[in-house]
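Here's the structure we're looking at; comments come further down.
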Amino acid sequence: QVHLVESGGGLVQAGGSLRLSCAASGRTFSPSAMGWFRQAPGKEREFVALISWRGRTTAYVDSVKGRFTISRDNAENTMYLQMNSLKSEDTAVYYCAVAERVTTRRDEYDSWGQGTQVTVSS
């Protein structure tokens, strides 16, 4: 089992930026795809972004395209989510997760972090 810890969340004004980090430890970190999901109050957890093991494949939900950038540093066992031009609708708890293959399906991710709160004030 991979142990994941998110950090970098906080309160930011609309239009601002945050950088989330996801540190992994435990069983072999690679090769695996990783993803970011988010869950707003009263809503289901939704896919935000994913990245393949070598970083050659990335994907984003339409609502964050052009604003968010996912990356990873396998030497540091860390994944990142750079979030720019934040909007109030980005407010949610953000979770990182690991999957055996590149997928946007939540049920194919088998290791999850505890989440980090992102709050965007308008």
(message) Give me each pair satisfying disulfide bond (SG atoms under 2.5 Å apart) with a member in residues 49-84, each pair once, sequence neighbours excluded.
(response)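 As it turns out, there is no disulfide bond (SG atoms under 2.5 Å apart) pair with a partner in residues 49-84 once direct neighbours are skipped.
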(message) Applying disulfide bond (SG atoms under 2.5 Å apart) as the test, list every pair that has at least one member in residues 45-94; sequence neighbours left out.
(response)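 As it turns out, there is no disulfide bond (SG atoms under 2.5 Å apart) pair with a partner in residues 45-94 once direct neighbours are skipped.
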Can you see which heavy atom on [X] is nearest to which on [Y], and at what distance?
| X | Y | answer |
| --- | --- | --- |
| Thr91 | Ala40 | O-CB, 3.7 Å |
| Asp90 | Ser85 | OD2-O, 4.5 Å |
| Leu20 | Trp36 | CB-CH2, 3.7 Å |

[X]: salt bridge (Lys or Arg N to Asp or Glu O under 4.0 Å) partners, not counting sequence neighbours:
| X | answer |
| --- | --- |
| Lys65 | Asp62 |
| Arg19 | none |
| Arg54 | none |
| Arg106 | none |

Decide yes or no for [X] and [Y]: does some side-chain heavy atom of the first lie under 4.5 Å from some side-chain heavy atom of the second?
| X | Y | answer |
| --- | --- | --- |
| Trp53 | Val102 | no |
| Tyr95 | Cys22 | no |
| Asn74 | Arg72 | yes |
| Val48 | Val64 | yes |

(request) List for me each residue that meets side chain to side chain contact (heavy atoms under 4.5 Å, CB included) alongside Glu108, sequence neighbours excluded, and say none if there are none. (result)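 Once residues adjacent in sequence are excluded, the partners of Glu108 under the side chain to side chain contact (heavy atoms under 4.5 Å, CB included) criterion are Arg101, Thr103, Arg105.
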Please tabulate, for side-chain N and O atoms in residues 115-122, each donor-acceptor pair with protein atoms closer than 3.5 Å (sequence neighbours left out).
from   : atom 1 : to     : atom 2 : distance (Å)
Thr116 : OG1    : Gly9   : N      : 3.2
Gln117 : NE2    : Ala92  : O      : 3.4
Gln117 : NE2    : Thr119 : OG1    : 3.3

(message) Filter on ring-ring contact (aromatic ring centres under 6.0 Å, His included), then keep only pairs touching residues 68-91, sequence neighbours left out; what's left?
(response)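 Output for this query is empty, none listed.
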(request) Hey, could you give me each pair passing ring-ring contact (aromatic ring centres under 6.0 Å, His included) that has a residue in residues 97-122? Not counting sequence neighbours. (result)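 The answer is Phe37-Tyr109, Phe37-Trp112.
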(message) Would you say that more than 12 heavy atoms from the other residues, nucleotides or ligands in this model lie under 6.0 Å from the CD of Gln39, or not?
(response)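 Enclosed.
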(message) For the OG atom of Ser111 and the CG atom of Leu4, what is their distance to the nearest 0.5 Å?
(response)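 Going from the OG atom of Ser111 to the CG atom of Leu4 covers 6.0 Å.
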(request) Look up atom CE in Met34 and atom SG in Cys96, then write down how far apart they are to the nearest 0.5 Å. (result)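 These two atoms lie 5.0 Å from each other.
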(request) Sort and list the pairs that fulfil salt bridge (charged side-chain N to carboxylate O under 4.0 Å, His left out) and have at least one residue in residues 44-53, not counting sequence neighbours. (result)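 Checked against salt bridge (charged side-chain N to carboxylate O under 4.0 Å, His left out) - neighbours excluded - the pairs reaching residues 44-53 are Arg38-Glu46.
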(request) Please answer whether the main-chain N or O of Val5 pairs with a side-chain N or O of Gln114 as donor and acceptor at a distance below 3.5 Å. (result)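 Looks like no, no N/O pair under 3.5 Å.
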(message) Holding to side-chain hydrogen bond (donor to acceptor under 3.5 Å, both in side chains), I want the full list of residues that pass it with Asn84, two or more places apart in sequence or in another chain.
(response)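 Only Ser17, Gln82 meet the side-chain hydrogen bond (donor to acceptor under 3.5 Å, both in side chains) criterion with Asn84.
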(request) For the pair Thr104 and Leu50, evaluate side chain to side chain contact (heavy atoms under 4.5 Å, CB included) and give the outcome as yes or no after the intermediate values. (result) CA-CA 7 Å; Thr104 61; Leu50 66 82; 3.7 Å; yes
